[in-house]
Amino acid sequence: MRAVTWQGKRHVSVDTVPDPKIIEPTDAIIKVTSTNICGSDLHLYEVLGPFMQAGDILGHEPMGIVEEVGSETGDLRVGDRVVIPFQISCGSCLFCHDGLMTQCATTRVTDQGMGAALFGYSQLYGSVPGGQAEYLRVPQAQFTHIKVPLEKPDSRYVYLSDVLPTAWQAVAYAEIPRGGTVTVLGLGPIGDMAARIAAHQGARVIGVDRVPERLARAEARGIETVNFDAVDNVGDAIRDLTGGLGTDSVIDAVGMEAHGSPINKALQSVVGLLPDAVARKAMSEVGTDRLGALYSAIDIIKRGGTISLSGVYGGAADPLPMLTMFDKQIRLHMGQANVKRWVDDIMPLLSDDDPLGVDTFATHELPLDEAPQAYETFQRKDDGMVKVILKP
């Protein structure tokens with residue numbers, strides 16, 4: 001089959017690789033019909049390369065048709081149309097029962113000290129082959145799937161794999177008061193969708209970004225925006241819009257690659273040049289993130305407010321302004337999205353009136369073979385690229 005493989009920093013290719021096979025009785029094989037490039041894939045493309053091996057298959061936002069099932073896959077049947085959550089979870093352990101599928105006790109990557117295994121996301125999360133491919137082996141398939149109707153285009157459902165539940169959890173974790181205010185930092189796919197969800201739920205939303213096309217997309221849906229490059233201080237700009245208080249909540253949808261400290265930017269670059277074993281140790285034990293977005297969130301948030309982190313951070317010893325956080329009585333809620341916890345809440349919004357605009361959410365739909373150029377364009381934020389659907 002053809003698949004998108006990681007070959008080095010800023011280097012992916014589309015190669016012919018062996019077809020996946022059933023290994024465990026809880027496995028299934030799906031024929032992928034649509035698969036997305038995620039903003040967090042760019043972390044592998046850029047920052048998290050030390051945890052990758054040449055030939056690793058990328059991608060964690062696929063959907064398709066079930067081709068083959070193992071003997072212990074529950075009610076999953078050949079011919080079912082399914083979306084595959086980005087995390088692999090069993091559905092029966094204590095954590096899954098508590099709605100914390102990202103902490104699944106069955107698939108947790110204990111040798112790395114991490115949570116549930118993820119598709120296509122480095123040795124940190126199990127080195128599981130990803131979904132930017134013609135076919136995908138799905139472990140724990142008795143639970144790691146979302147059945148969707150056979151009709152309607154893939155664009156109606158494919159975002160259940162990551163974008164929709166991640167954005168939904170970001171809004172839920174932000175604990176926005178009824179009729180309250182929220183700043184969304186970063187209007188990439190997750191921030192854009194989080195802004196749509198928060199606005200749909202009745203919040204006043206202020207989106208912050210520096211890319212004109214992203215700001216325009218938000219404005220077209222009635223979201224207030226602040227251009228990061230057009231103000232001297234984002235916190236002051238937000239306070240000017242909120243009577244000097246800041247917003248009740250802030251969603252950081254940017255994460256580790258935020259523009260910020262030149263020292264941390266240089267440190268990330270240096271770490272990327274180290275031998276992999278040394279770089280992995282540095283990223284695991286040293287503060288290597290660029291924390292501009294998080295520092296902005298701490299500045300913007302109203303006293304007593306809640307910051308929701310959905311952007312990915314990778315440093316284990318990042319410095320935080322604890323005095324300010326303590327003094328402002330900030331609540332901080334974070335984590336990978338527990339996809340299946342939120343599906344029942346989201347499905348009613350995937351109706352024909354399409355209140356969240358999922359059918360037109362992708363800016364680009366491309367053949368799988370064009371993935372290398374798409375990664376490069378997405379990383380540079382060129383050509384108005386916000387979300388890419390790849391078609392195997």
Side-chain angles (χ1 to χ4, degrees), residues 24-28 30 35-36 38-41 59-64 66 69-70 72-76 80 82-131 136-148 157-174 189-190 193-194 197 251 253 255 308-313 333-350:
E24 302 291 341
T26 52
D27 289 349
I30 71 162
T35 183
N36 302 335
C38 177
S40 58
D41 288 328
H60 57 266
E61 297 188 7
M63 68 174 293
V66 177
V69 295
E72 298 178 15
T73 54
D75 65 352
L76 197 61
D80 284 344
V82 292
V83 177
I84 304 301
F86 70 87
Q87 78 250 176
I88 302 164
S89 52
C90 70
S92 58
C93 71
L94 171 66
F95 292 99
C96 287
H97 277 302
D98 286 346
L100 293 171
M101 292 78 181
T102 57
Q103 311 304 321
C104 176
T106 301
T107 73
R108 189 183 305 143
V109 186
T110 54
D111 65 331
Q112 298 292 324
M114 305 299 281
L118 309 181
F119 288 103
Y121 216 78
S122 83
Q123 73 178 55
L124 282 174
Y125 287 101
S127 295
V128 181
L136 175 68
R137 170 181 167 256
V138 182
Q140 300 295 322
Q142 79 285 352
F143 187 72
T144 304
H145 71 271
I146 302 163
K147 288 187 183 182
V148 296
Y157 303 111
V158 69
Y159 304 112
L160 286 168
S161 59
D162 184 350
V163 172
L164 280 166
T166 298
W168 194 276
Q169 179 171 293
V171 173
Y173 280 11
I190 302 302
M193 186 58 73
I197 291 167
I251 295 171
S308 171
L309 294 185
S310 62
V312 176
Y313 286 94
H333 206 169
M334 68 186 83
Q336 301 273 15
N338 302 292
V339 172
K340 295 199 69 172
R341 175 177 178 176
W342 309 109
V343 169
D344 289 345
D345 295 319
I346 297 167
M347 285 295 285
L349 299 180
L350 303 183

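Given the structure is predicted, the values throughout are model-derived calculations rather than measurements.
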Side chain to side chain, [X] and [Y], heavy atoms closer than 4.5 Å:
X	Y	result
C90	Q142	yes
F86	Q336	yes
I346	L160	yes
T73	D27	no
V171	S308	no
S161	V83	yes
H60	D41	yes
E61	F119	no

Nearest 0.5 angstrom please: [X] [atom1] to [Y] [atom2], how far?
X	Y	atom1	atom2	result
Q169	T102	CD	OG1	7.0 Å
T106	I88	OG1	CD1	11.5 Å
Q140	H145	CD	NE2	12.5 Å
T144	L76	OG1	CG	10.5 Å
C96	F143	SG	CZ	5.5 Å
S89	R108	OG	CZ	12.5 Å

Does atom CG of D111 have more than 12 heavy-atom neighbours, drawn from other residues, nucleotides or ligands, at distances under 6.0 Å?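 Yes, the 6.0 Å shell around CG holds more than 12 heavy atoms from other groups.
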
What verdict does the side chain to side chain contact (heavy atoms under 4.5 Å, CB included) test give for V82 and I146, after you've listed the backbone C-alpha separation in whole Å, the side-chain angles of each residue and the deciding distance to 0.1 Å? CA-CA 5 Å; V82 292; I146 302 163; over 6 Å; no

Quick check: closest heavy atoms across [X] and [Y], and the distance to 0.1 Å?
X	Y	result
L136	G130	CD1-O, 3.3 Å
A116	Y125	O-CD2, 3.4 Å
G126	V109	N-CG2, 3.6 Å
S310	I251	OG-CG2, 4.2 Å

Check for a donor-acceptor pair, side chain of T26 on one end and backbone N or O of P139 on the other, with a separation under 3.5 Å.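 Between the backbone of P139 and the side chain of T26 there is no qualifying donor-acceptor contact (under 3.5 Å).
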
V339 backbone acceptor or donor facing Q87 side chain under 3.5 Å: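 A pair under 3.5 Å: yes.
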
Step by step, would you call M63 with I84 a side chain to side chain contact (heavy atoms under 4.5 Å, CB included)? CA-CA 6 Å; M63 68 174 293; I84 304 301; over 6 Å; no

Under the criterion side chain to side chain contact (heavy atoms under 4.5 Å, CB included), I'd like the reasoning laid out for V128 against L118: C-alpha separation, chi angles, the key distance, then a yes or no. CA-CA 7 Å; V128 181; L118 309 181; over 6 Å; no

Which label fits H333 and Y173: parallel for a plane angle under 30°, tilted from 30 to 60°, or perpendicular past 60°?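 Judged by the thresholds at 30° and 60°, the geometry between H333 and Y173 is parallel.
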
